[in-house]
Amino acid sequence: MSEVSATPEIPQNNTIYINNINEKIKIEELKKSLNAVFTQFGKILEVLAFKTLKHKGQAWVVFEDVSSASNALRQMQGFPFYDKPMKIQYAKTKSDVIAKADGTFVPREKRKRHDDKGKKRKDQHDANLAGMGLNPAYSGGYGATPTIPYPGGAKSMVPEAPAPPNNILFIQNLPNESTPMMLQMLFLQYPGFKEVRMVETKPGIAFVEYGDEMQSTVAMQSLQGFKITPQNPMLITYAKK
DNA sequence: AGCACA
């Protein structure tokens, strides 16, 4: 009898293919969440997901290194993501961003002919903040290098050492005039938000609670370094348990 | 279930 495995093995790839994803999640949020959840395994070059019928519930996460993809695949296999266990495989083919870096990229024929440069991407939450005179530090680049703009005086830390995840976030370097309402405006937009707690005796810090660690992670990734004033980039970490 | 390159 053959000893070939019954489950078809796909060779390693920089890109992981994820399915069984909760289809209720909007593409924009989904990509952000995937980025947040997988960034711990290494540099992510791209997250792709589509809302077309054929591609619902699926996504591709492209890592710079194959080893990152391997670790992600193993460690996040079955991870409860929006209440559904992720199914992760290697992608069947090389992603374009990788091929381009390789020099092996060859444009495929099914490419659209017409320019689609007319589409512009909207910034996500700037509108809410304008009235308060707040200035986002980021305009929504989840693919960006997760560099944390540490406030002056913070001890230099190795960014590769992540704190243990917690559904409660610890926010530092807030301006003294920050109010719970201001913070709520920022954090409420991410799913699972529960509450903001500020410590009266210690201005400049706050705790923000989410329903679970995944949700808090998404919010943290999105608002990391957000500037309420130009000299106050938020430093967000998981709260100690 | 479904493997793309918005």
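As the structure is a computational prediction, the values presented were derived from the model and not from experiment.
Listed nucleotides B/dC3, B/dA4, B/dA1 differ in distance to A/Leu48; the shortest reach to its side chain belongs to B/dA4.
Remark: C1' of B/dA4 and CG of A/Asn19 are 13 Å apart, rounded to the nearest angstrom. In this structure, CZ of A/Arg108 is placed 8 Å from P of B/dA4, rounded to the nearest angstrom. One can place NZ of A/Lys56 at 18 Å from C1' of B/dA6, the figure rounded to the nearest angstrom. Following rounding to the nearest Å, A/Ile44 (CD1) and B/dC5 (P) show an atom-to-atom distance of 20 Å. Atom pair A/Ile10:CD1 and B/dG2:C1' shows a separation of 13 Å (rounding to whole Å applied). Between the P atom of B/dC5 and the CG atom of A/Asn14 lies a distance of 18 Å, rounded to the nearest Å. For the pair A/His55 NE2 and B/dA1 C1', the computed distance is 13 Å after rounding to whole Å. If you take CD of A/Gln58 and P of B/dC5, they are 12 Å apart, rounded to a whole angstrom.
For A/Ser68 and A/Asn71, the side-chain atoms include no donor-acceptor pair closer than 3.5 Å.
Evaluation of atom-type donor-acceptor distances gives no pair under 3.5 Å for the side chain of A/Thr15 against the base of B/dA4.
Here the closest heavy-atom approach between residue A/Ala36 and residue A/Val218 is recorded as CB-CA, 3.8 Å.
For residues 167-188 of chain A, the set of pairs meeting the ring pair (Phe, Tyr, Trp, His ring centres under 6.0 Å) definition, not counting sequence neighbours, comprises A/Phe170-A/Phe207.
Here A/Trp60 sits in one hydrophobic cluster together with A/Tyr17, A/Leu48, A/Phe50; the rule is ILVMFWY side chains under 4.5 Å apart, joined directly or through other members.
Position along DNA chain B of the nearest nucleotide to A/Asn20 versus A/Lys94 favours A/Asn20 as the more 5'-ward residue. Taking for each of A/Trp60 and A/Lys51 the nucleotide of DNA chain B with the nearest heavy atom, the 5'-most of the two is the partner of A/Trp60.
Look at A/Lys54 and you won't find any side-chain N or O under 4.0 angstrom from OP1 or OP2 of B/dC3.
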